[in-house]
2 protein chains.
Amino acid sequence: MVAREVEAAEIRVSAPEGSVSTDRRPRADAVRNRDLLLSAAADAFAARGADVPLDDIARSAGVGIGTLYRHFPTRDALVEAVYRYEVDVLCQRADQLLEEMPPDQALAEWMQLFVRHVATKKGMLSALKPLLSSNPSFSDQTKGRAQAAATKLLNAGVAAGTVRADVDGADLLRAVGGICMSTDQERSEASERLVGLLFDGLRHGAAGSQVSG
Amino acid sequence: MVAREVEAAEIRVSAPEGSVSTDRRPRADAVRNRDLLLSAAADAFAARGADVPLDDIARSAGVGIGTLYRHFPTRDALVEAVYRYEVDVLCQRADQLLEEMPPDQALAEWMQLFVRHVATKKGMLSALKPLLSSNPSFSDQTKGRAQAAATKLLNAGVAAGTVRADVDGADLLRAVGGICMSTDQERSEASERLVGLLFDGLRHGAAGSQVSG
DNA sequence: AGTATACCGGAGGTTACCTCCGTTTTGCAA
DNA sequence: TTGCAAAACGGAGGTAACCTCCGGTATACT
């Protein structure tokens, strides 16, 4: 299952000679269907939890069940792809926000987005956790990208003098993640308030204001 | 499903008049089969995780699938009963250990038993966690009993002067539980070592030895 | 335009879940 | 001890989800 992906990658890498069509451009319908599936799966997982029948996902994506299984040989592969995709979206939003508004405001917005991101992922959490703990490289990749986005936002704020300098991306994610985890079940409202508090703390010790120590 | 249990309880309660056979002794085969199922389920969950087919459990218990479903209308009911049963066993072992050996040694043994208890429950954890969080009274009951057992062991040690007095059952369980949770997957060996450390700490400040502050 | 290649999609085998009901056992009373 | 009604037994079978397989089809390259 997972081995198949690895195998495919190896073939591509280990074919330096007579491989004419090895890196052929993927077909348009394949790309389209993959996106449809990803989007349908994201909705289904968020709305109905990680146990939603794959048949239903294929149907709501408007493709056959065979197509789903070809793109994502196992349920785990689908869960992983959805998660990867949504982390991508979240990280891209960081860049967009930085272009649209001042850094500190962008940071505040992004932190709230993060909370909602986690809240909608609650449903697939039971399927996701074993995946993250059994697959360190996957876990590291997503964590790394999220940290990069957080760091970028923080640095922009620091450069503008509106965010304190003694917190890095990893710290920020740990703090926000911890808040999301600690507030049990469905109450993202409480999380949003706590994260707001956290953000005020981030702004408090900025270069523009007074630092205690 | 769950409604059925509630209904049954209500019927029993609301029959104060002509109920001659309401509290008839349970049939011997019913009791026996329930125990067989519990034992088989415990083994199956530990060996093959929480997703083991109920058919298999019934078969390995030597009863029909219908019997399993009568005793435990849902998978959750079975998981809960198994957990309850194993917590009972663990708590009873505390009393036994106190009769067989000095209190501090009994405490050490019991802490290690607890670690192994958690380790073998890893498989059913994914099924257990939602149950514990959605059913506070169940969670409280089991926690309460475990705390009582831990407190009993601690008190015996304190009375004998071999265990320090400033730790209560709740603290102990939190500490040991935390250690078990933090050491990821399958490595109960690490947990056992850490718990050994913890135990040394418990013995260190005992009345018989020197207390620092 | 032709063709090899990759993709599409759903029929159907397999497995697990759970209900239903005829049969068997057992506790109680006469 | 015997009879009987209540309770439990057990497995056949309907339902649902999983996943594979393969004939037909669309598409990227020449």
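Hydrogens, waters and symmetry mates play no part in the numbers below; they use all other heavy atoms, side chains included. Chain A is the first sequence line, chain B the second, and so forth, proteins listed ahead of strands; every chain is numbered from 1.
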Engineer: Where do A:A150 and A:W110 come nearest, in terms of heavy atoms and distance?
Structural biologist: CB-CZ3, 4.0 Å
Engineer: Output a table of donor-acceptor pairs, distance under 3.5 Å, between side-chain atoms of residues 38-63 of chain A and any protein atom two or more places apart or on a different chain; print 'none' if there are none.
Structural biologist:
{"from": "A:R48", "atom 1": "NH1", "to": "A:D56", "atom 2": "OD2", "distance (Å)": "3.4"}
{"from": "A:R48", "atom 1": "NH2", "to": "A:D56", "atom 2": "OD2", "distance (Å)": "3.1"}
{"from": "A:D56", "atom 1": "OD1", "to": "A:R59", "atom 2": "NH1", "distance (Å)": "3.4"}
{"from": "A:S60", "atom 1": "OG", "to": "A:D56", "atom 2": "O", "distance (Å)": "3.3"}
{"from": "A:S60", "atom 1": "OG", "to": "A:I57", "atom 2": "O", "distance (Å)": "3.2"}

Engineer: In whole angstrom, what separates B:R75's CZ from C:dC17's C1'?
Structural biologist: 9 Å
Engineer: D:dA8, OP1 or OP2 - any side-chain N/O from B:H71 closer than 4.0 Å?
Structural biologist: no
Engineer: Quick one: is D:dA26 close enough that its OP1 or OP2 comes under 4.0 Å of any side-chain N or O from A:R27?
Structural biologist: no
Engineer: Nearest to the B:D55 side chain among C:dC18, C:dA11, C:dC8, which nucleotide is it?
Structural biologist: C:dC18
Engineer: Among C:dA16, C:dC8, D:dC19, which nucleotide sits nearest the side chain of A:Y69?
Structural biologist: D:dC19
Engineer: Distance check needed: D:dT20 C1' versus A:L68 CG, whole Å only.
Structural biologist: 14 Å
Engineer: In residues 29-39 of chain B, which ones come under 4.0 Å of DNA chain D, going by heavy atoms?
Structural biologist: B:D29, B:A30, B:N33
Engineer: Taking 4.0 Å as the cut-off, does a side-chain nitrogen or oxygen of B:T67 come that near to OP1 or OP2 on D:dA8?
Structural biologist: no
Engineer: Of B:P53 and A:G62, whose closest DNA chain C nucleotide lies nearer the 5' terminus?
Structural biologist: A:G62
Engineer: How many whole angstroms separate atom CD1 of B:I57 from atom P of D:dG10?
Structural biologist: 16 Å
Engineer: In whole angstrom, what separates A:F72's CZ from C:dG9's P?
Structural biologist: 14 Å
Engineer: For residues 79-93 of chain B, which side-chain N or O atoms pair as donor and acceptor with protein atoms under 3.5 Å away, sequence neighbours left out?
Structural biologist:
{"from": "B:E80", "atom 1": "OE2", "to": "B:R84", "atom 2": "NH2", "distance (Å)": "2.8"}
{"from": "B:R84", "atom 1": "NH1", "to": "B:Q141", "atom 2": "OE1", "distance (Å)": "2.5"}
{"from": "B:E86", "atom 1": "OE1", "to": "B:K121", "atom 2": "NZ", "distance (Å)": "2.3"}
{"from": "B:D88", "atom 1": "OD1", "to": "B:R145", "atom 2": "NH1", "distance (Å)": "2.5"}
{"from": "B:R93", "atom 1": "NH1", "to": "B:Q96", "atom 2": "OE1", "distance (Å)": "2.6"}

Engineer: For residues B:L198 and B:V176, report the shortest heavy-atom separation together with the two atoms involved.
Structural biologist: CD2-CG2, 3.7 Å
Engineer: Is A:R70 side chain donor-acceptor paired with the C:dG9 base, going by distance under 3.5 Å alone?
Structural biologist: yes
Engineer: Write down the distance between CG (A:L78) and C1' (D:dC19), rounded to a whole number of angstrom.
Structural biologist: 14 Å
Engineer: Are B:R32 and B:D35 within salt-bridge range, i.e. N to O under 4.0 Å?
Structural biologist: no
Engineer: Write down the atom of B:L154, the atom of B:G169, and the distance for their closest heavy-atom approach.
Structural biologist: CD1-N, 3.6 Å
Engineer: Write down the distance between CD1 (A:I65) and P (C:dC7), rounded to a whole number of angstrom.
Structural biologist: 17 Å
Engineer: Would you mind reading off the distance between A:D51 atom CG and D:dA17 atom C1', rounded to a whole angstrom?
Structural biologist: 11 Å
Engineer: Just checking B:A28: base, sugar-phosphate only, or nothing, at a heavy-atom cut-off of under 4.0 Å?
Structural biologist: sugar-phosphate
Engineer: Round to a whole Å and report the spacing from CZ of A:R59 to P of D:dA17.
Structural biologist: 9 Å
Engineer: Grab the two heavy atoms, one from B:L202 and one from B:M111, that are nearest each other, plus how far apart they are.
Structural biologist: CD1-SD, 4.1 Å
